[in-house]
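A short write-up of the structure that comes next.
Worth saying up front: this structure is predicted, and the values here are computed from it rather than measured. Only this structure's heavy atoms are used, side chains among them; waters, hydrogens and symmetry mates stay out.
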Amino acid sequence: MANFFGIRHLSPACAYYVQEFLDRTSPKLVLIEGPSDLSELIDPLCSKEAVSPVAILAYTDEPPVKTVLWPFAEFSPEYQAMLWAYRHKVPVRFCDLPAKVTLALEKEEEEREEEELKKIEEETQKKSDSELENSQIEEYNVYDQLEKYLGVNIDSFWEYNFEYNESYEDFMEAAIQYGGYLREFSKMSRYNQIREAYMRKVIAGAVEEGTAEEQISVITGAFHTIGLKDITYSKEDEKLLERLPELSSKATLMPYSYYRLSSRSGYGAGSKAPGFYEILWKNRIAGKQKDAAAQYLTLLAKFQREKGYGTSSAEVIEALRLSNALAGMRNGTNPSLEDLRDAAITCMGHGSFGEISLGCAATEIGTKIGYLPKGVVCTSVQEDFQRQLKDLKLERYLSPQMEELELDLRENLRVKSEKSAFLDLNRSFFLHRMRVLGIHFCKTLVRQQDNATWAELWALQWNPEVEIEIVEASLKGDTILQAAQLELSTRLNHTENLGQAARILSEAFLCGIPKVVDTAVLVVQNMAADCTAVMDIGNTLGILSSIMRFGNLRRLETSSFIPLMEALFLRFCLGIGNEAVCDNSAADGMITAMEKVNAACLSHEFLNEKQWITLLGELADRDDINMKISGFSAAILTERGNFTNEVLAELISRRLSKGTPSSDGAGWFEGLSLKNRRSLISRLSLWEKLFEYVSGLDEEEFKPALVCLRRTFSVFSPSEKADIAENIGEVLGISKESASEFLSAPITEVEQEAIDELDDFDFGDI
């Protein structure tokens, strides 16, 4: 009979004793629970340069991408078994289902669960509340059931009876008993039946190949060991393995992290505290298991002190004493993590977990990330990612802690090489390509200090999900550049309107991909010919203008944009007159487009500025369009200096007159206030006209005007409001202080009730 060792995944004690198990059994072949078609990855896993935690990732090679992971830490018994075989030059391979089968079975399981969920939802809709109460089914969890039977937290039970166990014989006997418990309290799924049948087949195949059964050592989860140890491969197994589903897949190795390894991240077989288990492992191999508790509390105290919390040596000593006492009360020989946490809360957190919560997370989980040497990763996109990190000097950002990176896209004239001169620009290209691919290694941040167009601010943070996203990108190309180019080209092929095409053009520009930029320009050109949506045309013109203004910064040739921009500008000017007859929601989008067109006219001499000024004058004068657009047109002309004080005063008198509907007057003033507010505040005549206008409104006219005016002044700064108060004080003949005090006074209950009544007022199309 083969030799079996039933393990608990990520158990330091199992990792320690599996080496003694292999020393005693002296196998000629080691079989380990893992994907049997990926045994070639064991050698690179055992490389001296590899640093755990690491993982095997298998993924389908066609979208939608499905993935499955096999993670390993230094204290994983499977990993230590591999290292033992590697050191002793003993053949070692995985014996579980092939990855392509696992992926297919997991997909089937997901589909089955979705179908069951739909049935439950349908049945729920048919049942009454009383029937639902009587039909509540408690979710079955093997560990919950086992904890009820044992009467203790399962992790504490394991730590008391296994992690501090110093006898190999006792440990092996207890491990068998533990596997029996799991078997007894578990519901045997079809998936696990298939897995065990396959593992029995692999063992039988090894014997047929010439390895004596007693010379085979098998390391699997304790749950499976019971199902393998005394059962041989049979016809029932053979029938169970007939026509297993498969999904075409690929596989790679990837660095992993303690956080992702932890059960907190959602990993079902994860360790609750990989950082703490590393402490147990280090002390176990040093022969100082009893020092683990003191080391945990010391590291926790160190974190607290570094973060400014007062934690004395006396508190650490008291916490250690209390943890030992708690372990004794719970029939443990040494403190479990639960004992240590309870003692730390009492003695170091002064009864509050919140005071030490960050320290516990840092000590129990940690921020450790694995490493794999160059050439070990298996997809070209992964290799390209690692190469570019090195070339762009971004390797230090491979951290689970978010760090900010400021970029200056201008050429650095203080360095000699072109590579160094454009380092930040190339970083920007790389990060934008990652962003477009949906790889969450980076995200853009808004710069608060200025509007410098040559500067970018990024936040960078690495986690194992990033590696998975990079692997998924390999379906789109061999490099990050190729993948981003295909992604943008695909989006461009499926674009439905001018606005979408323009946004893709902007993305291609930011990513520094001229081929896609050129293609996108042609698409924009073709779509613009048939586009009648003025807002889309104006926004597209704004995007092209921005690219032209900063094309040199990103080293992109933009002369071909000129005829396209001229055509878009002409179409916008011809179409806005009709589309300005709209409601307020459409007016907001129109105003945004007008602002972009105005900025483009100011930036590019080849656009017909005279035509634009004439058009704005017509819009400012018209009575049949949305008054907010009319007011905004007047605001642009005022800012440009095309309206004299006399012309503006005449327009104000006309718009804020008794003959103008209250909603129109207030809407026009709102549009006027969207630009150069400081200039407007300084015009006392404007506030006199506004005061006269509001004073002359009756109650029904005042209600819709109030809505517009409240919206208008909500965007004014406190200092601007103070200056307005001064103007109003002067109009009313009172002091600035009195006016400001009145305007800043809290709303009374009576006033609030009156405002609340406006919620029920029918404002029509305001």
Side-chain angles (χ1 to χ4, degrees), residues 49 255 369 371-377 379-399 401-445 447 450 452-462 466-467 469-471 473-474 476-489 505-520 546-559:
E49 292 81 17
I369 292 178
Y371 169 79
L372 288 166
K374 185 178 179 181
V376 169
V377 292
T379 67
S380 57
V381 172
Q382 283 176 287
E383 292 175 351
D384 181 59
F385 174 73
Q386 295 290 342
R387 178 186 61 77
Q388 292 208 52
L389 284 182
K390 184 176 181 180
D391 288 348
L392 299 172
K393 300 179 181 179
L394 294 173
E395 289 177 300
R396 63 174 286 250
Y397 294 98
L398 278 179
S399 165
Q401 303 299 320
M402 183 177 290
E403 294 189 55
E404 291 186 359
L405 172 66
E406 283 197 69
L407 300 180
D408 184 338
L409 308 186
R410 298 171 297 184
E411 181 180 1
N412 185 352
L413 301 176
R414 295 170 295 178
V415 294
K416 294 181 180 180
S417 69
E418 183 179 4
K419 182 178 178 181
S420 298
F422 294 102
L423 176 63
D424 275 3
L425 176 60
N426 289 322
R427 283 174 165 179
S428 175
F429 288 151
F430 173 67
L431 295 175
H432 277 294
R433 291 164 189 170
M434 300 277 284
R435 179 183 56 77
V436 162
L437 287 168
I439 297 171
H440 294 88
F441 174 61
C442 54
K443 64 179 180 180
T444 54
L445 299 177
R447 291 174 57 88
D450 56 51
T453 54
W454 45 263
E456 289 182 347
L457 181 62
W458 292 83
L460 279 64
Q461 183 179 26
W462 190 93
V466 169
E467 195 80 27
E469 290 165 350
I470 293 171
V471 169
S474 66
K476 300 173 183 177
D478 294 330
T479 64
I480 297 293
L481 171 58
Q482 287 180 8
Q485 183 171 322
L486 179 61
E487 172 66 23
L488 290 173
S489 298
L505 171 59
S506 177
E507 292 284 25
F509 168 69
L510 294 172
C511 292
I513 310 179
K515 287 184 179 179
V516 181
V517 170
D518 293 342
T519 305
S546 178
I547 294 175
M548 272 206 76
R549 279 183 284 147
F550 311 121
N552 290 337
L553 189 65
R554 290 186 175 271
R555 307 173 78 190
L556 181 70
E557 173 57 44
T558 57
S559 58

Does the side-chain contact (heavy atoms from CB on, under 4.5 Å) test come out yes or no for Thr444 and Trp458, once each step is laid out? CA-CA 5 Å; Thr444 54; Trp458 292 83; 3.4 Å; yes

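- Interatomic distance, Phe509 CZ to Ser546 OG, rounded to the nearest 0.5 Å: 6.5 Å.
- Between atom CD of residue Glu406 and atom CG of residue Leu445 there is a gap of 10.0 Å, rounded to the nearest 0.5 Å.
- Here Arg387 contributes atom CZ and Leu392 contributes atom CG; the two are 8.5 Å apart, rounded to the nearest 0.5 Å.
- Inter-residue side-chain proximity for Lys419 and Asp391 is flagged as met; some heavy-atom pair is nearer than 4.5 Å.
- When side chains are defined from C-beta on, Val517 counts as touching Leu505, because their heavy atoms get closer than 4.5 Å.
- Between Leu425 and Leu553, the shortest heavy-atom contact is CD2-O, 3.7 Å.
- The two residues Asn412 and Ser420 come nearest to each other via the heavy atoms CB-O, 4.4 Å.
- The side-chain heavy atoms of Leu510 and Arg554, taken from C-beta on, include a pair separated by under 4.5 Å.
- Legend: residues meeting ring pair (Phe, Tyr, Trp, His ring centres under 6.0 Å) with Phe430, ordered by chain and number and at least two apart, are absent.
- Contact of the Met434 side chain with the Gln388 side chain is not registered, since no non-hydrogen atoms from C-beta on lie closer than 4.5 Å.
- With contacts defined as side-chain heavy-atom distances shorter than 4.5 Å, the pair Val381/Val471 does not qualify.
- Proximity of Val436 to Leu488: side-chain heavy atoms (C-beta onward) are separated by under 4.5 Å at one or more points.
- Residues that satisfy the side-chain contact (heavy atoms from CB on, under 4.5 Å) test with Ser559, not counting sequence neighbours, are Glu557.
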Take Arg396 and Leu405 through the test side-chain contact (heavy atoms from CB on, under 4.5 Å) and record every step on the way to the result. CA-CA 11 Å; Arg396 63 174 286 250; Leu405 172 66; 6.0 Å; no

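- Sorted by first then second residue, the salt bridge (Lys or Arg N to Asp or Glu O under 4.0 Å) pairs that include residues 421-440, not counting sequence neighbours, are Asp424-Arg427, Arg435-Glu507.
- Atoms CD and CD1, on Glu467 and Ile369 in that order, are 10.5 Å from each other to the nearest 0.5 Å.
- Of all heavy-atom pairs spanning Tyr371 and Pro255, the tightest one is N-CB, 4.3 Å.
- With sequence neighbours left out, the side-chain contact (heavy atoms from CB on, under 4.5 Å) criterion links Gln485 to Ser489, Ile513, Lys515, Val516.
- To the nearest 0.5 Å, atoms CD1 (Ile480) and CD1 (Ile470) are separated by 6.0 Å.
- In this structure Leu486 satisfies the side-chain contact (heavy atoms from CB on, under 4.5 Å) test together with Lys476, Thr490, sequence neighbours excluded.
- Taking both residues in full, the closest heavy atoms of Ala473 and Ala483 are given as O-CB, 3.7 Å, listed atom of the first, atom of the second, then distance.
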Go through Leu423 and Val415 one step at a time and tell me if the side-chain contact (heavy atoms from CB on, under 4.5 Å) criterion holds. CA-CA 11 Å; Leu423 176 63; Val415 294; over 6 Å; no

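- The side-chain heavy atoms of Met402 and Lys443, taken from C-beta on, include a pair separated by under 4.5 Å.
- Put simply, the side chain of Phe441 does not reach to within 4.5 Å of the side chain of Glu469, judged on heavy atoms.
- The two atoms that bring Ser506 and Ile547 nearest to each other are CA-CD1, 4.1 Å, heavy atoms only.
- Remark: Leu556 CG to Met548 CE distance equals 10.0 Å, nearest 0.5 Å.
- Applying the side-chain contact (heavy atoms from CB on, under 4.5 Å) rule to Lys390 yields the partners Glu395; only residues at least two apart in sequence or on another chain are considered.
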